[in-house]
Amino acid sequence: MTWLALTRILLLTALQTACASVHAQAATSPTRGQLLYTTHCIACHSVEMHWREQRQATDWESLAQQVRRWQATAALQWSEDDIVEVARHRKDTIYRYPRPTGQLSMAAPLKR
């Protein structure tokens, strides 16, 4: 085997290892929504809360509305993107509501 062929094999192996490492890291890294939820919400929310009969979130819009409501109650001052990310995290991990059509903006005002 020539020096050039060996060098190519080593470089290809190193590149494949680096790509696999980055892919594995991306697959296991928590999302921003998950980080915000576990940092600010998990203390009061148990799994049972999301499955109770009187739950307030019944679709994507009401889920986002509840995230908006409780972050305001806790004076977290989250951006609209933060609210969407936390709602998306709960939708993807617990509720499994269908994805909303169109933009994921939650620009609707807080309902009282």
Side-chain angles (χ1 to χ4, degrees):
M1 184 175 289
T2 68
W3 179 83
L4 183 58
L6 184 57
T7 303
R8 285 183 181 168
I9 290 171
L10 289 174
L11 284 174
L12 181 58
T13 302
L15 182 60
Q16 287 174 332
T17 302
C19 287
S21 174
V22 167
H23 180 70
Q25 235 180 3
T28 60
S29 295
T31 64
R32 177 160 178 73
Q34 182 181 5
L35 291 172
L36 287 167
Y37 184 84
T38 56
T39 301
H40 299 286
C41 308
I42 199 78
C44 297
H45 285 248
S46 64
V47 172
E48 291 82 20
M49 173 169 279
H50 300 288
W51 295 110
R52 63 193 171 133
E53 283 189 31
Q54 296 94 5
R55 71 177 177 200
Q56 301 295 307
T58 57
D59 58 16
W60 168 257
E61 290 297 326
S62 61
L63 174 59
Q65 189 63 32
Q66 288 302 311
V67 173
R68 182 177 291 106
R69 173 183 172 215
W70 287 107
Q71 73 80 32
T73 299
L76 297 174
Q77 299 181 343
W78 284 352
S79 70
E80 199 60 32
D81 288 342
D82 292 339
I83 293 167
V84 168
E85 288 302 314
V86 171
R88 182 182 293 139
H89 166 66
R90 298 321 291 164
K91 179 188 76 63
D92 291 345
T93 58
I94 296 289
Y95 295 107
R96 308 283 186 203
Y97 298 134
R99 289 196 179 272
T101 57
Q103 191 177 13
L104 288 179
S105 172
M106 300 292 118
L110 180 63
K111 295 178 186 173
R112 298 201 185 267

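- The OG1 atom of Thr73 lies 9.0 Å from the CD atom of Gln66; values are rounded to the nearest 0.5 Å.
- With hydrogens and angles disregarded, no donor-acceptor distance shorter than 3.5 Å links the side chain of Thr39 to the backbone of Leu36.
- Between Tyr97 and Trp60, the shortest heavy-atom contact is CD1-N, 3.7 Å.
- Distance check, rounded to the nearest 0.5 Å: CH2 of Trp70 to CD of Gln65 gives 12.5 Å.
- Note that CD of Gln34 and OG of Ser29 are 10.0 Å apart. Values are rounded to the nearest 0.5 Å.
- Across Ile83 and Val67, no two heavy atoms sit closer than the pair O-CG1, 3.7 Å.
- If you take OG1 on Thr93 and CZ on Arg90, they are separated by 4.0 Å, rounding to the nearest 0.5 Å.
- Distance NE2/His40 to CG/Leu35: 9.5 Å, rounded to 0.5 Å.
- Although no hydrogens or angles enter the test, the distance criterion places a donor-acceptor pair under 3.5 Å between the side chain of Gln71 and the main chain of Trp78.
- In this structure, Arg32 CZ and Arg88 CZ are separated by 12.5 Å, a value rounded to the nearest 0.5 Å.
- The shortest heavy-atom contact between Leu63 and Ala57 is CA-CB, 3.7 Å.
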